[in-house]
Amino acid sequence: MTEAAGPLLHHAVASWYADHGRDLPWREPECPAWGVYLSEVMSQQTPIARVLPIWQRWMERWPTPFDLASDTPGEAVRMWDRLGYPRRALRLWESATVMVERHDGEVPSEHADLLALPGVGAYTAAAVASFAFGDPHTVVDTNVRRVLARTITGQQHAAASLTVAETRLAERSMPGEVGEANAWNAAVMELGALVCTARSPACGECPVAHLCAWQLAGRPEQEGPPRRGQTWHGTDRQVRGRIVQLLRESADPVTRTAIAATWPDDESKVERCLAGLLEDGLAEQGTDGRYSLPS
DNA sequence: GACACGTGGCG
DNA sequence: TCGCCAAGTGT
């Protein structure tokens, strides 16, 4: 099909979701908006399987924005454990503070207020508005982009970065009715996560394979240069990760010497990374010269 | 638009 | 083994 999604697609995906959608705790009707909000931030660039245990721990320890805002940002980073991109924990703490100071301690329900929170971009604002508050903003994540690229556009992969055309396509693909629109957001994302996957799509189990443009075209391999893979070994990101891990696992502040030992090969690299972490607020230096997570 | 930003599992 | 990839955001 070459037009935006129609009722056939909507119904097929919704029906599939009813049978195959995962029972994630933040999808329970009684889950507070705070739980939905945490799940969305934690899920950024992160597999759900790794989010689950961390989400459970956060919800037990900090069941409301007020509880998190009352603790230290360092504890947020510590509880973040190895989820990755620990600045997200910092932003979560900052956003909890904003909720306490400006939104009566609640997750704001207005899309514009959500978007203004630190660490919240187009995707997360739309997702929280739709999933937590039933306000059907168009959710466009990597799953949605891939599903639409295949079913509607007939391409194996979405563009390297989100384009205006993709956003417009996603908007046009939304059902008109509010309830259906919110259900569509969740269902199409789930389809991309479980069936219409990037590496090896399970087209044999796809509820819309019969009207998928890419499928009908014979699932052609995408031409063009492959995405450039990001290197890892020896990068600042790896060194920063080691330093934060050390700070996380230390009950007491650590010395400069201990930090230098996390990357023995290159002292200047450690120097630069530590400075970056201090700049980012992921570390701080005490009056005795030692380092710790932010207090 | 290109990059930086963590981490770990999978083919 | 190693590159790809996972519910992105900020600069």
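Chain naming here is simple, since letters A, B, ... match the order of the sequence lines and numbering starts at 1 in each.
Residue contacts for Ala198(A): at a heavy-atom cut-off of 4.0 Å it reaches the sugar-phosphate backbone alone, with no base atom in range. Heavy atoms of Leu83(A) sit under 4.0 angstrom from at least one base atom.
The separation between Ile48(A) atom CD1 and dT7(B) atom P is 18 Å, rounded to whole Å. Taking atom CZ on Arg146(A) and atom P on dA7(C), their separation rounds to 6 Å, with Å as the unit. If you take CZ of Arg145(A) and P of dA7(C), they are 12 Å apart, rounded to a whole angstrom. Atom CG of Asp81(A) and atom P of dT7(B) are 10 Å apart (whole Å). For Ile243(A) and dG6(B), the CD1 to P distance is 11 Å, given to the nearest whole Å. Going from atom CG of Leu191(A) over to atom P of dA6(C) covers 14 Å, rounded to whole Å.
Separating the P atom of dG8(B) from that of dT9(C) is a span of 23 Å, rounded to the nearest Å. A gap of 23 Å separates the P atoms of dA4(B) and dA7(C), to the nearest Å.
At distances below 3.5 Å, not a single donor-acceptor pair connects side-chain atoms of Ser15(A) with backbone N or O atoms of His11(A). At least one donor-acceptor pair closer than 3.5 Å links the side chain of Lys269(A) to the backbone N or O of Gly234(A). Counting only distance, with no hydrogens or angles, the side chain of Ser39(A) and the backbone of Val36(A) share a donor-acceptor pair below 3.5 Å.
Between Tyr17(A) and Glu190(A), the side chains place no donor N or O within less than 3.5 Å of an acceptor N or O (distance only, hydrogens not considered). Side-chain contact, Ser70(A) with Asp67(A): no donor N or O sits under 3.5 Å from an acceptor N or O.
With sequence neighbours excluded, the residues forming a ring-ring contact (aromatic ring centres under 6.0 Å, His included) with Trp58(A) are Trp62(A), Trp80(A), listed by chain and number. With sequence neighbours left out, His20(A) forms a ring-ring contact (aromatic ring centres under 6.0 Å, His included) with Trp16(A). With sequence neighbours excluded, the residues forming a salt bridge (charged side-chain N to carboxylate O under 4.0 Å, His left out) with Asp236(A) are Arg272(A), listed by chain and number. With sequence neighbours left out, the ring-ring contact (aromatic ring centres under 6.0 Å, His included) criterion links Trp263(A) to no other residue. In this structure, the ring-ring contact (aromatic ring centres under 6.0 Å, His included) partners of His137(A), at least two apart in sequence or on a different chain, are His111(A).
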Name the pairs: protein N/O against N/O of nucleotides 8-11 of chain B, kept only if under 3.5 Å.
unit_1, atom_1, unit_2, atom_2, d
dG8(B), OP1, Arg82(A), NH1, 2.8
dG8(B), OP2, Arg82(A), NH1, 3.1
dG8(B), O4', Arg50(A), NH1, 3.1

Protein-nucleotides 8-11 of chain C N/O pairs closer than 3.5 Å?
unit_1, atom_1, unit_2, atom_2, d
dG8(C), OP2, Gln45(A), N, 3.0
dG8(C), OP2, Gln45(A), NE2, 3.1
dG8(C), N7, Gln45(A), NE2, 3.3
dT9(C), OP1, Gly121(A), N, 2.8
dT9(C), OP1, Gly121(A), O, 3.4
dT9(C), OP1, Thr124(A), N, 3.0
dT9(C), OP1, Thr124(A), OG1, 2.8
dT9(C), OP2, Tyr123(A), N, 3.3
dG10(C), OP1, Gly119(A), N, 2.7

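Listed by residue number, there are no residues of residues 260-271 of chain A with a heavy-atom contact under 4.0 Å to DNA chain C. Of all the residues in residues 128-139 of chain A, not one reaches under 4.0 Å from DNA chain C with any non-hydrogen atom.
The salt bridge (Lys or Arg N to Asp or Glu O under 4.0 Å) pairs that include a residue from residues 142-171 of chain A are Arg145(A)-Glu166(A), where partners are two or more places apart or lie in different chains. Sequence neighbours left out, not one pair with a member in residues 91-112 of chain A passes salt bridge (Lys or Arg N to Asp or Glu O under 4.0 Å). Within the structure, salt bridge (Lys or Arg N to Asp or Glu O under 4.0 Å) pairs that include any residue of residues 68-84 of chain A comprise Arg61(A)-Asp71(A), Arg61(A)-Glu75(A), Glu75(A)-Arg78(A) (at least two apart or interchain).
Contact annotation: Arg88(A) side-chain N/O to dG6(B) OP1/OP2 distance is not under 4.0 Å.
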